[in-house]
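These notes concern the structure reproduced below.
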Amino acid sequence: MHVNIMRLACFAAMSTATSGVCTAQRLTGPHSTGSVPAPVALDTRGLFQEKFARVGDDVFISGQPTEQGLRELRAQGVTTVVNLRSPPEMSRVPFDEAALVKELGMEYVYLPMRGTPELPYSPAAVKSFAAAMSGAKGKVLLHCTIAWRASHLWAAYLIQYREVPVATALEQARMINLMDDMRMDGDRQPVEAFLGRALAEVGHGKR
């Protein structure tokens, strides 16, 4: 418990420090402003699977959160949780994420995707995520299993909706868990499927 409290204090300190430097930056809500800062890796232990990163003051991107991870982020002002994992994947999670998110007073946005015909990586998914970002009343958590799908969706969102240059968006997503140099599904990377076009700047690792 003491360790978790200390982590919570660290999250607060980092957010305060960031606010002091980038007072105009806001990525969520209907009036997002400022440039998109590079992700900052955070401690995952006991809170998130594999990866946990903060982007600016109001976005977190991660692997599967634990119950404690969700509770701590709620205390940090997260009001929207966007989950990209499929129903079979969520059936293996040892708690009801949707119910806990609701219990904590957060909005649960479920966008399951696996790169299959039934659950494709598509431009519509990016549009839905963009709507969740603009509709958020506070901070946002975007997660999948190990932040791989989340990294690809984040890159597509930056390119399509924040007008971030492709190379910059991909580099920022690599700082989370894009893994485009070592992994891909099918004939193209998820970020390409999200955008509906090929990207010369993205790597095409093992299938």
Side-chain angles (χ1 to χ4, degrees), residues 11 15 26-30 32 36-37 39-40 42 44 47-93 95-116 119-162 164 169 172-173 175-178 190-191 193-195:
F11 292 164
S15 294
R26 180 174 174 80
L27 300 178
T28 65
S32 59
V36 180
V40 176
L42 302 174
T44 64
L47 302 175
F48 303 91
Q49 184 174 332
E50 292 288 335
K51 301 291 182 179
F52 179 36
R54 173 176 54 81
V55 183
D57 298 337
D58 47 8
V59 175
F60 296 94
I61 300 174
S62 75
Q64 176 62 46
T66 63
E67 293 183 64
Q68 187 61 34
L70 289 171
R71 293 182 187 279
E72 292 199 11
L73 284 186
R74 182 64 187 96
Q76 278 299 300
V78 168
T79 61
T80 299
V81 175
V82 182
N83 179 9
L84 308 184
R85 302 188 73 187
S86 67
E89 291 176 288
M90 292 309 296
S91 69
R92 299 191 291 271
V93 175
F95 67 96
D96 188 333
E97 179 176 310
L100 178 59
V101 168
K102 182 177 180 180
E103 175 190 319
L104 294 173
M106 298 185 286
E107 181 180 0
Y108 188 62
V109 179
Y110 191 41
L111 302 176
M113 55 186 69
R114 286 288 287 176
T116 64
L119 299 173
Y121 304 129
S122 68
V126 190
K127 183 176 181 180
S128 295
F129 175 63
M133 286 285 289
S134 64
K137 296 179 175 61
K139 301 178 183 181
V140 171
L141 168 65
L142 169 64
H143 86 83
C144 55
T145 308
I146 60 171
W148 180 68
R149 281 166 285 184
S151 295
H152 280 266
L153 181 60
W154 182 246
Y157 167 75
L158 293 183
I159 295 165
Q160 186 71 30
Y161 287 89
R162 298 287 303 196
V164 174
Q172 291 195 8
M175 297 172 70
I176 306 170
N177 207 25
L178 192 74
V191 63
F194 285 135
L195 294 171

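Computation of the quantities below employed the complete heavy-atom set of this structure, encompassing side-chain atoms and omitting hydrogens, waters and symmetry-equivalent molecules. Throughout, numbering of the chain's residues begins at 1 and tracks the sequence.
- Here the shortest heavy-atom pairing between V55 and W154 reads CG1-CZ2, 3.7 Å.
- Applying the ring pair (Phe, Tyr, Trp, His ring centres under 6.0 Å) test to residues at least two apart or on different chains, the pairs with a partner in residues 124-146 are F129-Y157.
- The two residues P190 and W148 make their nearest non-hydrogen contact at CG-CH2, 3.6 Å.
- Closest approach of V164 to A169, counting heavy atoms only: CG1-N, 3.7 Å.
- Between the CG atom of D57 and the CZ atom of R26 there is a distance of 9.5 Å, given to the nearest 0.5 Å.
- Atom CD in Q64 sits 13.0 Å away from atom CZ in F52 (nearest 0.5 Å).
- Take P88 and apply the side-chain contact (heavy atoms from CB on, under 4.5 Å) test, not counting sequence neighbours, and it matches S86.
- By the side-chain contact (heavy atoms from CB on, under 4.5 Å) test, S32 is found to be paired with R162, residues two or more places apart in sequence or in another chain being considered.
- In this structure, L195 and A156 approach most closely via the heavy-atom pair CD2-O, 3.7 Å.
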Candidate pair K139 and V59, rule side-chain contact (heavy atoms from CB on, under 4.5 Å), full reasoning: CA-CA 6 Å; K139 301 178 183 181; V59 175; over 6 Å; no
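- Among residues two or more places apart in sequence or in another chain, the side chain to side chain donor-acceptor pair (under 3.5 Å) test is passed with T79 by none.
- The list of salt bridge (Lys or Arg N to Asp or Glu O under 4.0 Å) pairs with a residue in residues 124-134, not counting sequence neighbours, is empty.
- Residues forming a side chain to side chain donor-acceptor pair (under 3.5 Å) with T28 (at least two apart in sequence, or on another chain): D58.
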Check against side-chain contact (heavy atoms from CB on, under 4.5 Å), R71 and L100: CA-CA 9 Å; R71 293 182 187 279; L100 178 59; 3.5 Å; yes
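- You'll find the side chain of V140 reaches within 4.5 Å of the side chain of V82, heavy atoms only.
- No side-chain heavy atom of Q160 sits under 4.5 Å from any side-chain heavy atom of F194.
- Not a single side chain to side chain donor-acceptor pair (under 3.5 Å) links Y161 to another residue, sequence neighbours left out.
- Residue pairs meeting the salt bridge (Lys or Arg N to Asp or Glu O under 4.0 Å) criterion with at least one member in residues 75-92, sequence neighbours excluded, are R85-E89, E89-R114, E89-R149.
- Counting only heavy atoms from C-beta outward, the side chains of L73 and P65 never approach each other to under 4.5 Å.
- Residues that satisfy the side-chain contact (heavy atoms from CB on, under 4.5 Å) test with P123, not counting sequence neighbours, are absent from this structure.
- Note that OG1 of T66 and CD of E97 are 10.5 Å apart. Values are rounded to the nearest 0.5 Å.
- The two residues A147 and K51 make their nearest non-hydrogen contact at CB-CB, 3.8 Å.
- Between atom CG of residue L42 and atom CD1 of residue I61 there is a gap of 11.0 Å, rounded to the nearest 0.5 Å.
- Proximity of T44 to S62: side-chain heavy atoms (C-beta onward) are nowhere separated by under 4.5 Å.
- In this structure, SG on C144 lies 12.0 Å from CG on L111, to the nearest 0.5 angstrom.
- Contact detail for P112 and L119: the closest heavy-atom pair is O-CD2, 3.7 Å.
- Rounding to the nearest 0.5 Å gives a distance of 12.5 Å between OG1 of T80 and OH of Y108.
- Remark: M106 pairs with R74, V78, V81, V101, L104 by the side-chain contact (heavy atoms from CB on, under 4.5 Å) rule, at least two apart or across chains.
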